[in-house]
Amino acid sequence: ASLLWWQCFVKGLFFSFFNPQVVNGIEIYSMKIDSKVTSRFARNVITSQAVNRGNVHKEVFFDVELPKTAFITNFSMTIDGVTYPGYIKEKEAAKQEYEKAVSKGQTAGLVKASGRKTEKFTVSVNIAAASKVTFELTYEELLKRQFGKYEMFIKVKPKQLVKDFEIDISIFEPQGITELEAEGTFITNDLQNVIKKTFSDKKGHISFKPTLDQQRTCANCSQSLLDGDFTVKYDVKRTTPDNLQIVNGYFVHFFAPTNLPQLPKNIIFVIDISGSMSGREIEQTREALLKILDDIRDDDFFNFILFGSDVHTWKEKLIKATPENLDEARKFVRGIDTEGMTNLYGGIMKGIEILNAAHEEKFVPKRSASIIIMLTDGQPNVGISNTEDIRTHVKKAIEGKYPLYNLGFGYGVDYGFLEKMALENKGLARRIYPDSDSALQLQGFYDEVSNPMLMDVELHYPENEISGLTKNSFKHFYDGSEIVVAGRFADINQNSLTVDVKGEGANDVLSFTTQQDAEQTAKAFQEQEYIFGDYIERLWAYLTIEQLLEKRTAATGEEKENLTAEVLDLSLKYKFVTPLTSMVVTKPEDYDNQAGIADKTTEENVVITVFTLNLCITKQTPVICFTVDGDPHFIISVPQKEDAICFNINEKPGDVLSLINDPVTGITVNGELIGDKRANSDAKSQNTYFGKLGIANKYLNLKVTVTSEKITVQNGNEKTPFTWLDSVTLQQEGLTLIINKEKNLVLSMGGGASFVVVLHQVWKKHPLHQDFLGLYTLKSHKLSEQTHGLLGQFFHPIDFTILEIHPGSDPKKPDATMIIKNKELTVTRGWQKDYRKDPKHGIDIPCWFVHNNGAGLIDGVHTDYIVSSLF
Ligand SMILES: *[C@@H]1O[C@H](CO)[C@@H](O)[C@H](O)[C@H]1NC(C)=O
Ligand SMILES: *[C@@H]1O[C@H](CO)[C@@H](O)[C@H](O)[C@H]1NC(C)=O
Ligand SMILES: *[C@@H]1O[C@H](CO)[C@@H](O)[C@H](O)[C@H]1NC(C)=O
């Protein structure tokens with residue numbers, strides 16, 4: 001053994017020496033980043049291919065950093081030629097529990113874990129020696145315009161030399177491209193000309209394809225210098241202030257007028273000077289404010305409010321930015337020092353009061369843009385410190401008149417509160433990361449909002465023609481940005497649209513009318529060969545989800561539930577991984593193995609490891625593991641073998657299956673299937689569950705109907721209704737019924753067999769899934785020998801023999817030959833869930849899985865068990 005080990009060792013060394021791109025036995029031999037941008041909507045596909053050059057199995061990592069504003073739309077792995085595709089599923093936490101996860105997500109730890117603009121996506125897979133794996137990740141995002149350019153950035157960090165490395169970006173903008181830049185923070189002079197960039201008219205192309213040698217940090221080094229941000233910026237031609245595009249019943253409207261005079265501003269700076277700001281933070285704040293003072297224009301008005309334990313105002317009123325006043329302000333700013341606690345409430349209310357007074361006294365020009373910028377690094381603890389109360393007061397005082405921008409400095413802030421308060425007041429919140437560039441971050445934010453060109457921008461679309469309109473009114477339009485509105489035509493065949501835009505400019509009210517039809521759009525897209533046809537629809541979905549999520553941040557109660565349901569529905573429909581959804585990777589064509597009796601939760605907490613891959617993908621919080629969803633699954637325990645057999649029945653919603661039928665005792669149990677609320681277009685992943693069970697004893701003239709809502713006991717003609725909210729013990733002749741509120745019911749008939757029906761509750765606003773039932777039998781020996789049905793036939797002693805256990809297509813789940821009823825069946829070792837003890841998560845029961853609807857195991861074929869009605 002030691003000789004063998006030595007050989008491996010030597011071989012490994014030898015190998016690495018000549019292949020510097022092999023790190024820890026793993027060679028990433030190809031990495032491609034392919035981006036296609038159409039009308040600001042970008043779809044990026046990252047493909048990475050690796051091989052295990054070692055002699056033992058190894059873990060391969062796929063680490064990517066994605067822009068926070070992007071949504072993952074697909075992920076797949078291909079291992080030795082087998083592709084494991086990804087499916088979008090609802091995340092377990094999508095119920096109320098999700099709220100907890102979100103508030104946790106806003107704590108410092110997580111924010112630190114992700115970058116300023118990015119968040120990490122990590123997958124690791126164990127692959128055998130000499131095996132190959134391909135990862136393919138797709139994400140989509142709408143590029144935003146800032147400072148006059150659309151910006152897309154790609155985090156590049158292959159961590160080793162990659163033989164075949166390539167970034168390829170194609171841009172198509174029907175308005176025409178006016179400039180295109182590409183740069184990388186890691187680009188050296190030598191690499192500069194490796195970036196190939198061309199653009200003409202509507203198309204732009206960028207390619208970056210460094211050779212192995214060009215990736216080295218030095219001539220013979222094996223370290224990669226590819227580590228940093230690759231940024232692409234471009235802008236489009238604007239002959240008109242707006243641009244409308246119409247495709248397949250959806251439209252998108254881009255609005256960005258140029259060459260308008262700026263509106264004068266009235267800015268209130270509300271600055272936290274509490275003790276926690278002392279040291280670097282207050283220094284950086286002073287530095288940023290001094291720079292900002294240099295940029296304030298002479299027709300602007302401004303003032304400073306400082307809050308520690310007390311509130312200090314620089315001036316009692318807004319002050320015009322004359323050179324003298326600016327000088328005085330600089331002196332004031334230089335003198336700002338920290339003191340005491342955090343009277344945030346006092347500070348912000350004073351700011352609003354001064355701004356309100358200025359407007360009431362008509363002290364500031366009618367056509368001017370008022371803005372409140374608040375900076376804090378802590379949590380309110382003086383004055384009113386209850387954040388809900390502060391929000392209520394602030395909202396009432398501002399009344400939608402000015403946007404409130406909240407800047408949260410560092411990790412001690414209650415960012416959730418700042419964000420909610422800003423969003424409720426037409427503004428937004430930003431984090432200022434404590435670092436050497438904090439002052440620059442502050443200034444950068446000011447630059448974004450320092451050039452208002454229009455106020456109260458309203459984009460009007462004919463109301464009766466449009467549904468699903470995204471946000472269409474904006475407090476301010478800032479120079480260098482762009483307003484994007486998307487919508488859906490009520491009539492999918494409509495192909496033209498007229499839009500009116502109104503906004504208050506510095507001198508007068510501006511209004512524009514634009515008309516566009518689908519033909520013109522089609523013409524503008526003529527030369528476009530690579531677009532994804534549904535991009536406008538996806539852009540609409542992206543924008544809608546983004547805005548609903550934002551709205552959801554500040555919402556409560558039923559409104560929040562409604563928003564959650566809406567976002568979940570859209571995320572599932574358009575396959576976006578949002579905070580409410582996950583991506584699940586399963587083995588192809590193996591739905592069978594995911595399934596037990598009529599039982600399993602639809603939530604993601606029913607996670608079984610279907611195969612050996614050590615896979616968990618994370619975006620913020622763990623998102624993927626293997627999960628089950630599916631059809632009624634049957635578990636037959638075989639006590640004498642201390643083992644179990646399981647199978648699935650795949651039939652359609654509405655069908656009634658005969659589960660138990662005993663002519664001797666007169667007991668029958670039938671189950672009716674239900675599907676998801678919305679039929680799944682992918683028939684294979686069509687889930688069915690038992691939605692209704694009918695348990696009867698014809699000799700006792702008893703019928704019990706159980707649905708996920710109610711339980712009805714019918715004794716002759718007399719009906720007694722119960723609901724799952726009842727806790728009941730009912731004893732009458734021949735029947736004992738115990739309802740354990742919202743959990744399960746136990747039913748015994750004629751002193752014989754008993755059944756347990758388990759209620760599985762799904763979140764009630766779930767767009768897809770509905771509540772369903774599971775059935776378990778107890779004391780089945782009280783039924784006669786003649787009992788039949790999908791379950792009933794197994795109440796008689798059953799025996800089987802397992803032969804020839806051999807590796808199956810999934811290494812963790814061996815196949816075997818089962819001899820049963822004088823037949824040979826190929827079966828697979830798997831698990832099913834038993835939910836009797838733990839209705840939420842279930843307990844894994846190992847079993848031999850019989851494929852194809854239990855073919856060969858059950859008597860006859862499964863369709864023989866479809867009956868015409870519940871009784
Ligand atoms: C996801 O990617 C895989 C692999 O490229 C592909 O086969 C599949 O069709 C994609 N799914 C969707 C929904 O685009
Ligand atoms: C790189 O390695 C080769 C082979 O070992 C050697 O001949 C060459 O001088 C080295 N170059 C540098 C710049 O170190
Ligand atoms: C939530 O949705 C339900 C059903 O669509 C509706 O009746 C209700 O008014 C909505 N509630 C709120 C607060 O939006």
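As the structure lists them, so they are numbered: ligands from 1, and atoms in each ligand from 1.
The OG1 atom of T134 sits 10.5 Å away from the CZ atom of F62 when rounded to the nearest 0.5 Å.
Atoms of ligand 1 found under 4.0 Å from any heavy atom of E136 (numbered from 1 in listed order, with element): 2 (O), 4 (C), 5 (O).
Checked by distance only, ligand 1 and T83 stay at 3.5 Å or farther apart across all their nitrogen or oxygen atoms.
At distances below 3.5 Å, not a single donor-acceptor pair connects side-chain atoms of N425 with backbone N or O atoms of G427.
For the pair R538 and F576, the distance from NZ or CZ to the six-membered ring centre is under 6.0 Å and the angle to the ring normal is within 45 degrees. With a 6.0 Å cutoff to the six-membered ring centre and a 45° limit on the axis angle, R40 counts as a cation-pi contact of F254.
For an aromatic pair to be called close, the ring centres must be under 6.0 Å apart, and Y461 with F251 satisfies this.
With 3.5 Å as the limit, one finds no donor-acceptor pair spanning the side chains of S207 and D168.
Every protein residue with a heavy atom nearer than 4.0 Å to ligand 3 is included here: E558, E559, N562.
Aromatic ring orientation, Y250 versus W540: tilted (interplanar angle from 30° to 60°).
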